[in-house]
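One structure is given below, encoded as structure tokens.
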Amino acid sequence: KLLLKDMLKIFVVLNENVVSMLEAYFTMQKKDASDSLALYEEFVGICEQLDVFFTKCKNGQILDGRNIPELTAAPKVLLPAMRQYLENYGSCKQTAEEADAVAQHVSHVRLGGANVYEDEASEA
């Protein structure tokens, strides 16, 4: 139970920082964008692993599944636009398609309203 609670807290912080990074991605310098792309690719993998972990926790009835949020997978659809930005860096500004892709999909990275801290406070 403690591992699950700690994992949720870490995920919330990680998730919010990834969202902030994505919102600024197309204004970053090339080096920062390259680092951010690598971080986002890793985040996608982490989300997939967390989904498996959270599913096992629900099936094992840890905390009765009541405090385990439903995760929406980090959208992989952003990756091509992020890679294209790096490939075309310096030749042109962000395209309208890239801006739309980010605006449409960044919201899917957010944690769907689950607030781990409120859930924990209500248990005390």
Side-chain angles (χ1 to χ4, degrees):
K1 290 181 181 183
L2 294 176
L3 176 62
L4 175 63
K5 287 182 180 183
D6 288 345
M7 186 76 75
L8 288 170
K9 288 177 187 178
I10 291 169
F11 178 75
V12 168
V13 172
L14 179 61
N15 187 68
E16 287 302 314
N17 283 290
V18 167
V19 168
S20 296
M21 178 188 71
L22 288 173
E23 290 172 341
Y25 182 79
F26 292 103
T27 61
M28 293 179 179
Q29 297 295 316
K30 188 172 186 174
K31 169 75 170 104
D32 294 335
S34 179
D35 292 344
S36 295
L37 174 59
L39 287 171
Y40 187 71
E41 289 171 331
E42 189 170 336
F43 179 72
V44 168
I46 289 170
C47 286
E48 290 169 354
Q49 293 172 350
L50 282 175
D51 188 43
V52 170
F53 177 75
F54 289 158
T55 299
K56 287 181 180 183
C57 289
K58 286 179 189 177
N59 293 341
Q61 298 183 353
I62 295 175
L63 297 178
D64 299 324
R66 61 187 169 85
N67 291 334
I68 303 171
E70 291 291 329
L71 291 184
T72 301
K76 293 179 183 179
V77 71
L78 290 176
L79 291 171
M82 293 171 79
R83 289 184 187 119
Q84 183 178 5
Y85 174 75
L86 281 177
E87 290 171 10
N88 298 330
Y89 186 82
S91 63
C92 63
K93 295 205 178 261
Q94 175 184 3
T95 67
E97 285 180 2
E98 291 168 337
D100 289 344
V102 171
Q104 180 181 14
H105 297 289
V106 164
S107 63
H108 293 295
V109 178
R110 294 192 186 277
L111 184 63
N115 188 332
V116 176
Y117 304 106
E118 284 179 9
D119 291 339
E120 188 173 90
S122 67
E123 290 178 3

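Model, not experiment: these values are computed from the prediction. Numbering starts at 1 and runs along the sequence shown.
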- Message: Could you measure the distance from the CG atom of L39 to the CG atom of L22? Nearest 0.5 Å is fine.
- Response: 10.0 Å
- Shortest non-hydrogen pair, M28 vs Y85, comes out as O-OH, 2.8 Å
- Item | Closest heavy-atom pair and its distance - Y25, A33 | CE1-O, 3.2 Å
- Query: Rounded to the nearest 0.5 Å, what separation is found between the CG atom of L4 and the CZ atom of F53?
  - Reply: 5.5 Å
- Rounded to the nearest 0.5 Å, how far does CD of E87 lie from NZ of K30? 9.0 Å
- Message: Minimum heavy-atom separation for F11 and C47, please, with both atom names.
- Response: CE1-SG, 3.9 Å
- Note on the structure: Here the gap from Q84 atom CD to L79 atom CG, rounded to the nearest 0.5 Å, amounts to 13.0 Å
- Task: List the atom of M82, the atom of S36, and the distance in Å for their closest heavy-atom pair.
- Result: CE-O, 4.4 Å
- Task: Just jot down the salt bridge (charged side-chain N to carboxylate O under 4.0 Å, His left out) partners of D51, sequence neighbours excluded, or say none.
- Result: none
- Partners of I46 by side-chain contact (heavy atoms from CB on, under 4.5 Å), sequence neighbours excluded? L14, E42, L50
- Message: Is the ring pair Y40/F43 parallel, tilted or perpendicular, if the boundaries are 30 and 60 degrees?
- Response: tilted
- Query: Quick one: CE on M21 to CD on E23, what's the gap to the nearest 0.5 Å?
  - Reply: 10.5 Å
